[in-house]
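The structure under discussion appears below in the form of structure tokens.
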Number of protein chains: 2
Amino acid sequence: MPSTRSLTEPRTEPSGQLWIREAAVLSGLDRESRDALADLPVTAIGKGTILFHPGDSARGFIILLDGRIEVFLTGPNGREILLYPVEPGSSCVQTTLGLLGGEDYSGEAIAVTDLRAVIIPKERFLALMAGSAPFRSFVFSAFAQRMQSMMQVLERVAFLRIEARLAEALLSRAEGDLVRSTHQELATAIGSAREVISRRLETFARQGLVTTERGAVRITDIAALRRLATGVD
Amino acid sequence: MPSTRSLTEPRTEPSGQLWIREAAVLSGLDRESRDALADLPVTAIGKGTILFHPGDSARGFIILLDGRIEVFLTGPNGREILLYPVEPGSSCVQTTLGLLGGEDYSGEAIAVTDLRAVIIPKERFLALMAGSAPFRSFVFSAFAQRMQSMMQVLERVAFLRIEARLAEALLSRAEGDLVRSTHQELATAIGSAREVISRRLETFARQGLVTTERGAVRITDIAALRRLATGVD
DNA sequence: ACCGGTTGGTGACCTTATCACCGACAGGTG
DNA sequence: CACCTGTCGGTGATAAGGTCACCAACCGGT
């Protein structure tokens, strides 16, 4: 577990900034809608902040300007699995869910870096959904993408071997050839256990696919990993 | 595999019927929207029909009047897992996804009984979404519910033992104390393998929870199954 | 009575999850 | 420097679950 501080006072930047220019996602938006959003303040949220727990109810629709959020599902025994990461340009479905259907969160979201975000309050969000076709289609397609990606997670968990899932996790987290993650983090990302990751990485290392260091993995045969990741035998 | 006939000519009932009266889901709808839908024909679709394959693109939004559809995710080795059933009153997200986000289906939907349904073509669907707040909220909450239920499936697959998942599947499929499903069907419903179900049912039987017959399981200790289904040890 | 398809049972084997440890390392602090 | 302490990773044992191969019982035809 990373050390977390629970939702501390988020500081808001002086408004009037043209944050909306930064939000590439909103570039397709009509003038009216943008005006309706421009006065919302930008909120800074510290790394490690837990944005919501299971059972919380929705506060608003989040537009992420900077940073990365990860949404997890937690099992009864404490094991976790990454549902999806949220980065600028993609939205957080959990939030949307709550706003639209009245359901509570059932995942847990954590800021893995410092964040800058704009929170659209529920009423304004609903007004936009009613009034702006571009905004609607923005929200819809975000929704559809998430759904799709959650189905992929399900597909992987249900049908793929750890080998393939691990290979994929390594590839998706690599900066160059370096993956700066602990075994525990990798395990969480794919919904497995640390020991399993350790052993699997060891066999990867024996096959010359990676080398391991404390807190990191270095990829040495990216082509082979790609082949494994597809799950094709 | 049940014997299937691929999307045969669906027969449409003579229109002008007030099918919309039947659709309890739409009862909250405004007069205008209902008028905009009333002239759509009711389509009859035979049991076993495959409504869409992975990779198909969306044809329209389905309102189910009668019958039951099941949507599966299929793994590379042919193993399947039930994503969700669709019954009158609940909508098929896959379809909606396609209409809103342009993504193709990645599940497979099959009519497990004869169906009566109304298909709203894409254009009319989008027009309704734009013009009718009640319709929007109907679609949204359907969406949100599905999302929620898919997360539950994921949670179960990732974290619960077969024992618990099987117990739950039996309870949810029971008519009285009888579950009319083959081992294969149960396996598919929870994303496991037939052999595993056979063995697990055998131990259930030894514990006096069920008795098994060809093509069916009879529940003899529903309380114990309920306890197992929660996954609490 | 026979045949083919469906359903269910069984053993062997492999992968994965879980538990219970232990050692190795990094960053403080005295 | 030596010493703690928390994090990180390695290991063995055991049990659950998935996969494969195969067979027997059953059912609905003809």
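Because only heavy atoms are used, hydrogens play no part in the values below, and waters and symmetry mates are left out as well, while side chains stay in. By convention in this document, chain letters (A, B, ...) are assigned in the order of the sequence lines, proteins followed by strands, and residues within each chain are numbered from 1.
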(request) Tell me whether the OP1 or OP2 atom of C:dT6 has a side-chain N or O from B:H183 closer than 4.0 Å. (result) no
(request) Not counting sequence neighbours, which residues clear side-chain hydrogen bond (donor to acceptor under 3.5 Å, both in side chains) with B:S198? List them please. (result) B:H183
(request) Under the ring pair (Phe, Tyr, Trp, His ring centres under 6.0 Å) rule, collect the residues that match up with A:F204, sequence neighbours excluded. (result) none
(message) Please report the distance, rounded to the nearest Å, between CZ in A:R165 and C1' in C:dA17.
(response) 11 Å
(message) Can you tell me how the ring of A:F138 sits relative to the ring of A:F61, calling it parallel under 30°, perpendicular over 60° and tilted otherwise?
(response) perpendicular
(message) Between the base of C:dG9 and the side chain of B:R194, is there a donor and acceptor pair under 3.5 angstrom?
(response) yes
(request) Would you indicate, yes or no, if D:dT11 has its OP1 or OP2 atom less than 4.0 angstrom from a side-chain nitrogen or oxygen of A:S198? (result) no
(message) Both B:E185 and A:V196 contact DNA chain C. Which one's nearest nucleotide lies toward the 5' end?
(response) B:E185
(request) Return the value, rounded to whole Å, for the distance between atom CD1 of B:I197 and atom P of D:dT19. (result) 12 Å
(request) Measure the distance from CD1 on B:I162 to P on D:dG18 and round it to the nearest whole Å. (result) 4 Å
(request) List in chain and number order the residues that pass side-chain hydrogen bond (donor to acceptor under 3.5 Å, both in side chains) with A:D66, two or more places apart in sequence or in another chain; answer none if no residue qualifies. (result) A:R116
(message) Using whole Å, what does the distance between atom P of nucleotide C:dA17 and atom CG of A:L186 come to?
(response) 14 Å
(message) In whole Å, I'd like the distance from the CG atom of A:L166 to the C1' atom of C:dT15.
(response) 14 Å
(request) Specify the separation, in whole Å, of atom CD of B:Q184 and atom P of C:dT6. (result) 12 Å
(message) For the backbone of B:L209 and the side chain of B:T220, can you confirm whether one donor and one acceptor N or O come within less than 3.5 Å of each other?
(response) yes
(message) Among residues 199-209 of chain B, which ones have heavy-atom contacts with DNA chain C below 4.0 Å?
(response) B:R199, B:E202
Scan the side chains in residues 149-156 of chain B for donor-acceptor partners under 3.5 Å anywhere in the protein, sequence neighbours excluded, and list what turns up.
residue : atom : partner : partner atom : Å
B:S149  : OG   : B:R146  : O            : 3.1
B:R156  : NH2  : B:E168  : OE2          : 3.3

(message) Going by the rule side chain to side chain contact (heavy atoms under 4.5 Å, CB included), which residues pair with A:R68 if we only count those two or more places apart in sequence or in a different chain?
(response) A:E70, A:P85, A:E87, A:V112, A:T113
(request) Only counting residues at least two apart or in another chain, list the ones meeting side chain to side chain contact (heavy atoms under 4.5 Å, CB included) with A:A109. (result) A:L51, A:F52, A:I69, A:V71
(request) Please figure out whether A:T212 or A:F159 has its closest DNA chain D nucleotide nearer the 5' end. (result) A:T212
(request) Let me know the distance between CG of A:N77 and C1' of C:dA17, rounded to the nearest Å. (result) 9 Å
(request) Would you please name every residue forming a side chain to side chain contact (heavy atoms under 4.5 Å, CB included) with B:A142, sequence neighbours left out? (result) B:S91
(message) With salt bridge (charged side-chain N to carboxylate O under 4.0 Å, His left out) as the rule and sequence neighbours excluded, what pairs involving residues 181-199 of chain A come up?
(response) none
(message) When you measure from the side-chain N and O atoms of B:S192 to the phosphate of D:dG18, is any distance below 4.0 Å, counting only OP1 and OP2?
(response) yes
Pull out every protein N or O sitting under 3.5 Å from an N or O of nucleotides 24-26 of chain C, one pair per line with the distance.
residue : atom : partner : partner atom : Å
C:dC25  : O2   : A:R214  : NH2          : 3.4

(message) Between P on D:dC8 and CD on A:E195, what's the gap in Å once rounded to a whole number?
(response) 14 Å
(request) Report yes or no: does A:T188 contribute a side-chain atom to a donor-acceptor pair with the main-chain N or O of A:E80 at less than 3.5 Å? (result) no
(message) For DNA chain C, which residues of residues 170-180 of chain B approach it to below 4.0 angstrom with any heavy atom?
(response) none
(request) Under the side chain to side chain contact (heavy atoms under 4.5 Å, CB included) rule, collect the residues that match up with A:L178, sequence neighbours excluded. (result) A:R180, A:E213, A:A216, A:R218
